[in-house]
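Quick note: numbers below take in every heavy atom, side chains included, and nothing from hydrogens, waters or symmetry partners. Keep in mind it's a predicted model, so treat the numbers as computed, not measured.
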Amino acid sequence: LSFAHESPLIVLPGDRCIVNCRILNNKRQVLTTDNKGDVTLWDVLHACKESNLGHVDIDVEGERRQEQLYVPNWFSCDIKTGMLSIRLEESDCFSAWVMGDNTNLYTATSDLKLNYGALMLKALFEHWPESHWYKERERLKEASNTDTPLDSELFLSVSDEIEDIDTFGLALGLPGNVITKILQEKKETKDRMKEMFKLLVKDSEDPLTLQEFIKSLEAAKMKESATKMKQELEDIKASLSTSKVDTQFFSVPDHTTVILSESSDCGATLARFHCNEARHSHENNMISSYSPLWITDIVCQNQLPTHPKMSFTLAKYQENGKQTSSSKPDRLSAQDILTVKKVMDYLYTKLYGEDGLSDKEGRKLEAHECMDILCNNQVLNPLLDMRTVKLTVWKSGGDMKLFYKIKDLTEPSDKDEQ
């Protein structure tokens, strides 16, 4: 048996496929290795590739990128298809709460608490029309409940319809003697109204709002001006409802594929679509029919899960290990993403009051300049959160024990400690 050709005339190479993956401990990034040996870094939250790292050892690269940070698992990876697939399940999707400064999201502040799973779902269903109903409803509700301040220009604009300024003043709630005093002064109607405006808005502890001004105009039977002010109020509400932008940290690529299935392992596929197709009527109906409550509660109702809490004790550090009456530990309870810096700030205010301490040049000292927080005799980084400290430093059950050590230059007096 012989062949016409000993070698193929043409080779059609297949695309690269992923054969190995590793989730980094920040639970934001994933390293993958393809069949060519190249390692790639992915950002799960943004559903995109960050960089190609070339031919490197995935385990060595993973260890190099380890951070002193603990974030609970909120997703799992699947590479059975040769592509990186991210699975979200109700049991752990919302377990990863983080502080804003740990997310590298440019609009997130240090005090903002974010949930990775909730952010991911909102980004994936950003184009789904039903996801915007809650936002619009909240905007309109806020606009309708807003007490709109009254400005002088609107107040003076009704002067042409005033026939009896005495009746107008009483309708505004001004005392009779004040109105009499204003009428005794030989001034034009607008000048008298300026005096009234000053009393009603600038010099009042409870300044007049546009809503209240409309009621006063109706009481004074100034129907034309009342109608004009109502239209002005509606215009202000409309501008509020459209100008207030919902917090949007990021969007995922439009071509990101979303699959809704009965279960994560071998359940039947219920719906499959690209993110930007969620606005279409067919996909909209599919999502409405097959989305489980744990997704719609977040995407449509904005019902965020509760923050997990943990207990710990805080006492003054003693070199000899013996506790005194002044070093009796305080038992505290807080959200597990509370940072060591926040504990320092709490203690700093408790010991030194709101004014705090100052150095020789009069500069107010920060809490971390005055004290250290210790756990298991290890000085803690102020940026660590309680969850990370408990799992990486405390490493035991029960309430975590923290101690504070005042630096020599800022040792408080006995009076301060009491």
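- By the 4.0 Å N-to-carboxylate-O rule, D38 lies close enough to R16 to be salt-bridged with it.
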Show me, pair by pair, the donor-acceptor contacts under 3.5 angstrom made by side chains of residues 305-312, not counting sequence neighbours?
none

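- Summarising the geometry of V393 relative to N376, their closest heavy-atom pair is O-ND2, 2.9 Å, with the distance given to 0.1 Å.
- Using a 4.5 Å heavy-atom cutoff, the side chains of L357 and K364 are not in contact.
- Residues S261 and L270 fail the side-chain proximity criterion, which asks for heavy atoms closer than 4.5 Å.
- Aromatic ring pairs are classed by plane angle as parallel below 30°, tilted from 30° to 60° and perpendicular above 60°; the pair W74 and Y116 is tilted.
- Put simply, the side chain of D359 gets close to the backbone of R363: a donor and an acceptor are under 3.5 Å apart.
- In this structure, the side chains of K316 and Q318 come closer than 4.5 Å at one or more pairs of heavy atoms.
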Point to revise | Stepwise side chain to side chain contact (heavy atoms under 4.5 Å, CB included) check, M371 with L347 | key: CA-CA 9 Å; M371 65 184 71; L347 188 60; 3.7 Å; yes
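- Rounded to the nearest 0.5 angstrom, N52 CG and T40 OG1 are separated by 4.5 Å.
- L31 is listed as a side-chain neighbour of L53, based on a closest heavy-atom distance under 4.5 Å.
- Rounding to the nearest 0.5 angstrom, the gap separating the CG atom in N25 from the CZ atom in R65 is 12.0 Å.
- Across all non-hydrogen atoms, the minimal contact from G398 to K390 is O-NZ, 3.5 Å.
- Checking E130 against S288 by side-chain atom types alone, a donor-acceptor pair falls below 3.5 Å.
- Minimum heavy-atom separation, G117 to N115: N-OD1, 3.1 Å.
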**Study point:** Chi angles and distances behind the side chain to side chain contact (heavy atoms under 4.5 Å, CB included) call for I287, F273
**Key:** CA-CA 9 Å; I287 299 171; F273 58 92; 3.6 Å; yes
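- The minimum heavy-atom distance linking L391 with K395 is given by the pair O-CG, 3.6 Å.
- L380 is not listed as a side-chain neighbour of L374, based on a closest heavy-atom distance of 4.5 Å or more.
- Between the side chain of S95 and the backbone N or O of N73 there is at least one donor-acceptor pair closer than 3.5 Å.
- A salt bridge is absent between K122 and E126: the closest approach of a Lys/Arg side-chain nitrogen to an acidic carboxylate oxygen does not fall below 4.0 angstrom.
- Heavy atoms only, all atoms of each residue included: G62 and L24 are closest at CA-CD2, 4.0 Å.
- Nearest heavy-atom pair, P72 versus K27, reported as atom, atom and distance to 0.1 Å: O-CG, 3.7 Å.
- Taking 4.5 Å as the limit, some side-chain heavy atom of L260 sits within range of a side-chain heavy atom of S291.
- Side-chain atoms of R272 never come within 3.5 Å of backbone atoms of T269 as a donor-acceptor pair (strictly under, hydrogens ignored).
- No donor-acceptor pair closer than 3.5 Å links the side chain of T256 to the backbone N or O of V252.
- Between atom CD1 of residue I298 and atom OG of residue S131 there is a gap of 13.0 Å, rounded to the nearest 0.5 Å.
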Exercise for review: Before giving the answer on side chain to side chain contact (heavy atoms under 4.5 Å, CB included), spell out for Y352 and L365 the whole-Å C-alpha distance, their side-chain angles and the decisive distance to 0.1 Å.
Suggested key: CA-CA 11 Å; Y352 303 110; L365 296 173; over 6 Å; no
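- Using a 3.5 Å distance cut-off with no hydrogens or angles, the side chains of W128 and N284 do pair a donor with an acceptor.
- To the nearest 0.5 Å, atoms SG (C300) and CG (N302) are separated by 10.5 Å.
- Between the side chain of Y404 and the main chain of Y348, no donor-acceptor pair closer than 3.5 Å is present.
- Taken from CG in D43 to SG in C48, the straight-line distance is 5.0 Å, to the nearest 0.5 Å.
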Check your understanding: So F75 and C93, side chain to side chain contact (heavy atoms under 4.5 Å, CB included) or not? Walk me through it.
Key -> CA-CA 6 Å; F75 68 91; C93 181; over 6 Å; no
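- Residue pairs meeting the ring-ring contact (aromatic ring centres under 6.0 Å, His included) criterion with at least one partner in residues 44-63, sequence neighbours excluded, are H46-F250.
- Residues M386 and V343 have side chains in contact (heavy-atom distance under 4.5 Å, counting atoms from C-beta outward).
- Taking a cutoff of 4.0 Å between a charged side-chain nitrogen and a carboxylate oxygen, K350 and D330 qualify as a salt bridge.
- Between K405 and D372 there is no salt bridge, since none of the side-chain N atoms of the basic residue sits less than 4.0 Å from a carboxylate O of the acidic one.
- For W394 (side chain) and S396 (main-chain N/O), a donor-acceptor pair under 3.5 Å exists by modelled atom type.
- Ion pairing of E218 with K215 is absent here, as no side-chain N (NZ or NE/NH1/NH2) approaches a carboxylate O to less than 4.0 Å.
- Between the S51 side chain and the L41 main chain, no donor and acceptor come within less than 3.5 Å of each other.
- Considering CD1 of I18 and OG1 of T33, their distance stands at 9.0 Å, rounded to 0.5 Å.
- Ionic pairing of R22 and E63 is present here: one or more N-O contacts between side-chain nitrogen and carboxylate oxygen are shorter than 4.0 angstrom.
- At least one side-chain heavy atom of V389 sits less than 4.5 Å from a side-chain heavy atom of V340.
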